[in-house]
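Data first, discussion second: the structure below is written as structure tokens.
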Protein chains: 2
Amino acid sequence: MSQMDERIRSYVLFFKALSNSTRIAIIDLLRRGGDKTVSEIARELGFEQSRVSHALRCLTFCGFLTNRREGKNKIYSLNRETIEPLMEIADKHIEAYANHLRRCEVLRR
Amino acid sequence: MSQMDERIRSYVLFFKALSNSTRIAIIDLLRRGGDKTVSEIARELGFEQSRVSHALRCLTFCGFLTNRREGKNKIYSLNRETIEPLMEIADKHIEAYANHLRRCEVLRR
DNA sequence: TTATCATATGACGAATATGTCACAGATGGA
DNA sequence: TCCATCTGTGACATATTCGTCATATGATAA
């Protein structure tokens, strides 16, 4: 990764941010259910709070989420400008190729 | 990965296919330069042929590329229906957040 | 057939990413 | 202040992914 064309490097980071189940589950949850606090996300997804915090940190840093504090809570929101059209394309592609994606050996089990 | 909601699993696979430098470099190359054979791709990117073949296999299987044989060669083409709008969104996001992406510690070096 | 070029595949070590644990920091109420 | 609640962070073992090597397969021509 160190010695890689800058454009390619950016693409890799962009897609890598979205290619983890914790992170994409959070995006999917917020896309469907709107803004949520950390503990709401953790509870609704059944994930440990620290796992969620790590994921939120990455997604926020990379520009996919924003947050605002409200008392003891922190509320996370989607950057819908990127996420909405992106997920629509993903949905459409998956509709056509889900079986193939699932059976791809390179992207293991 | 095994015990994961099917929708989330599909998203992960979709984005994982694009989150590797070999695979996204190939997509970027074909996007800019049009259809190419395996050895052209290998030469132009400076990658080993087997490395390219592994990547092509994954991308083709997952519906991002198609191929046709022409004599001894195999020519790979983009599925532009998915790739073009997807990369436009990525480009736009990267234009705004490239610095953040680069400095994200979670997505290491 | 054999030779040669082009591409594909399997296996494995090395590199990388992930989740968990333990703990730290922040906030607000009593 | 102290306490309870909510969120963030660092480190590490585990799990996953990648690229390379060796080799196999496919295609063409002589």
Round to the nearest Å and state the distance from [X] atom [atom1] to [N] atom [atom2].
X: B:I41; N: C:dA6; atom1: CD1; atom2: P; answer: 14 Å
X: A:I26; N: C:dG19; atom1: CD1; atom2: C1'; answer: 13 Å
X: A:I8; N: D:dC18; atom1: CD1; atom2: P; answer: 15 Å
X: A:I24; N: C:dG19; atom1: CD1; atom2: P; answer: 13 Å
X: A:L13; N: C:dA17; atom1: CG; atom2: P; answer: 9 Å
X: B:E70; N: C:dC5; atom1: CD; atom2: C1'; answer: 16 Å

Taking all non-hydrogen atoms of both residues into account, name the closest pair between [X] and [Y] and its distance.
X: B:L13; Y: A:L101; result: CD1-O, 3.4 Å
X: B:I89; Y: A:L86; result: CD1-N, 3.7 Å
X: A:C62; Y: B:H93; result: O-NE2, 2.8 Å
X: B:N20; Y: B:R23; result: OD1-N, 3.0 Å

Fill in the blank from the handout: Whether each nucleotide of nucleotides 7-13 of chain C has a protein heavy atom under 4.0 Å at its base (B), only at its sugar-phosphate (S) or at neither (-) is summarised, 5' to 3', as BBBBB--
Handout entry: N or O in side chain of A:N20 less than 4.0 angstrom from D:dT16 OP1/OP2
Key =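 No, outside the criterion.
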Problem - Side-chain N,O (B:S21) to OP1/OP2 (D:dC18) below 4.0 Å - result: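 For D:dC18, OP1/OP2 do not have a side-chain N/O of B:S21 under 4.0 Å.
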Practice task
Could you note down all residue pairs passing salt bridge (Lys or Arg N to Asp or Glu O under 4.0 Å) where residues 84-98 of chain B supplies at least one of them, sequence neighbours left out?
Solution key: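 Of all non-adjacent pairs touching residues 84-98 of chain B, those that pass salt bridge (Lys or Arg N to Asp or Glu O under 4.0 Å) are A:E81-B:K92, B:R31-B:E84, B:R31-B:D91, B:R80-B:E84.
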Exercise for the section: For this output row, return yes or no: ring centroids of A:Y76 and A:F64 closer than 6.0 angstrom. Expected result: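 Ring centres of A:F64 and A:Y76 not closer than 6.0 Å.
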Exercise for the section: Compare the minimum distances between each of C:dG19, D:dT16, D:dG19 and the side chain of B:K16, then state the nucleotide with the smallest one. Expected result: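 The listed nucleotide nearest to B:K16's side chain is D:dT16.
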